[in-house]
Number of protein chains: 2
Amino acid sequence: MSQGNTDVTTEVSPVRQCETPAAQAACSVLEVLGRVSGKWSIGILLVTTQGPARFTELERQVKGISRRMLTLTLRNLERDGLLTRTVYPTVPPKVEYTATPMARELYDSLLALTGWAERHLHEIDRARADYDGAAAPEAVRTPALAG
Amino acid sequence: MSQGNTDVTTEVSPVRQCETPAAQAACSVLEVLGRVSGKWSIGILLVTTQGPARFTELERQVKGISRRMLTLTLRNLERDGLLTRTVYPTVPPKVEYTATPMARELYDSLLALTGWAERHLHEIDRARADYDGAAAPEAVRTPALAG
DNA sequence: CGGGATCCTCCGGGATACTG
DNA sequence: CAGTATCCCGGAGGATCCCG
């Protein structure tokens with residue numbers, strides 16, 4: 001996300017499959033996912049979309065994040081134009097991060113995914129249990145219960 | 001994705017921030033992202049959504065993917081109930097993968113992200129260039145051009 | 001308070017070779 | 001044809017210390 005410059009903007013994208021028209025959609029999604037991926041981007045986007053937030057405030061609200069990753073993720077979001085960073089040169093430094101309109105739009109789009117997730121969460125869990133139950137039952141063969 | 005069991009289903013999710021009501025949405029999104037992340041999931045979903053596809057067919061269509069990652073990603077998508085795997089026990093083995101209705105719904109939701117990406121791609125690139133241009137110009141100070 | 005610099009760990013994913 | 005197994009590397013992300 002930071003130490004290695006993935007250089008998405010300049011050269012060939014990680015997926016060459018953007019040739020067919022239908023696959024262009026996939027590439028766009030991949031672009032978005034690239035920006036929003038990382039454990040913390042969405043959490044930060046969420047908080048800052050509710051209103052301006054300070055650094056320490058974010059550190060508390062996005063629970064579990066380290067200072068390092070908070071900084072890095074904030075920098076990347078700022079770089080992508082999803083956050084604006086406002087510095088108040090007061091005696092105790094004060095920095096506020098705010099989501100841009102573009103970020104709010106993104107969050108709206110993410111709600112579509114949220115809807116899908118909520119609708120199918122149980123279905124997915126069932127599918128997983130089904131798959132795992134059918135694949136792993138080497139030692140747990142207790143036919144007494146099954147019959 | 002495979003070697004380490006992330007165990008999303010059983011224990012505390014990687015983000016503890018699911019306490020506030022607004023943050024539940026983020027957790028759902030994170031769930032989806034977890035399933036669809038990885039370089040190849042979306043590409044595979046894309047192809048299989050167009051119709052049943054065989055292993056080697058996918059290997060060709062999703063250009064750049066390795067046989068290993070194709071297998072792994074297929075297994076995970078199947079496990080999540082996003083793909084169905086059909087084996088034809090013919091002399092040369094034949095396996096077909098098909099997207100489930102749930103996967104098709106997911107793909108529709110992803111189109112929202114696609115739309116966002118296409119609408120704001122230029123804006124993001126501009127923001128990046130802006131950010132990079134303001135941060136890195138240590139040696140490239142050519143005021144002759146600027147003035 | 002709001003970071004930057006450094007070290008280290010873990011795992012996603014590529015390359016390659018073998019199998020039924 | 002459709003996988004499986006093994007080795008290996010890069011980069012995301014945590015922990016810790018330091019700085020203005």
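Order of the sequence lines fixes the chain letters, A, B, ..., with proteins taken first and strands second; residue numbering starts at 1 for each chain. These numbers were taken from a predicted model, which means no experiment stands behind them.
- Between the CZ atom of B/Arg67 and the P atom of D/dG3 there is a distance of 11 Å, given to the nearest Å.
- The separation between A/Lys63 atom NZ and D/dG13 atom C1' is 21 Å, rounded to whole Å.
- B/Phe55 has its CZ atom 17 Å from the P atom of C/dG20, to the nearest Å.
- Atom CG in B/Leu72 sits roughly 8 Å away from atom P in D/dT4 (whole-Å rounding).
- Residue A/Tyr97 is classed as a sugar-phosphate contact, given heavy-atom separations below 4.0 Å to backbone atoms only.
- The closest side-chain heavy-atom distance from B/Leu58 to B/Thr48 is below 4.5 Å.
- Side-chain N or O atoms of B/Thr73 include none that pairs as donor or acceptor with a backbone N or O of B/Ser41 at under 3.5 Å.
- A straight line from CD of B/Glu78 to P of D/dG3 spans 9 Å, rounded to a whole angstrom.
- Between B/Arg85 and D/dA2, a side-chain N or O to OP1/OP2 separation shorter than 4.0 Å is absent.
- For B/Arg75, a side-chain nitrogen or oxygen approaches OP1 or OP2 of D/dG3 to under 4.0 Å.
- The separation between B/Ile65 atom CD1 and C/dA15 atom C1' is 14 Å, rounded to whole Å.
- Among the nucleotides C/dG4, C/dG14, C/dC1, the one closest to any side-chain atom of A/Arg54 is C/dC1.
- Rounded to a whole Å, the CE atom of B/Met69 is 15 Å from the C1' atom of D/dA5.
- Under 4.0 angstrom from either OP1 or OP2 of D/dA2 there lies at least one side-chain N or O belonging to B/Thr56.
- Counting heavy atoms from C-beta outward, A/Leu74 and A/Arg85 have side chains that stay 4.5 Å or more apart.
- In this structure, A/Leu77 atom CG and C/dG3 atom P are separated by 13 Å, rounded to whole Å.
- Considering only side-chain N and O atoms, B/Arg68 lies nowhere under 4.0 angstrom from the phosphate OP1 or OP2 of D/dT4.
- The closest donor-acceptor contact from the side chain of B/Arg104 to the backbone of B/Thr49 lies under 3.5 Å.
- Using a 4.5 Å cut-off on side-chain heavy atoms (C-beta onward), A/Glu59 and A/Thr56 make contact.
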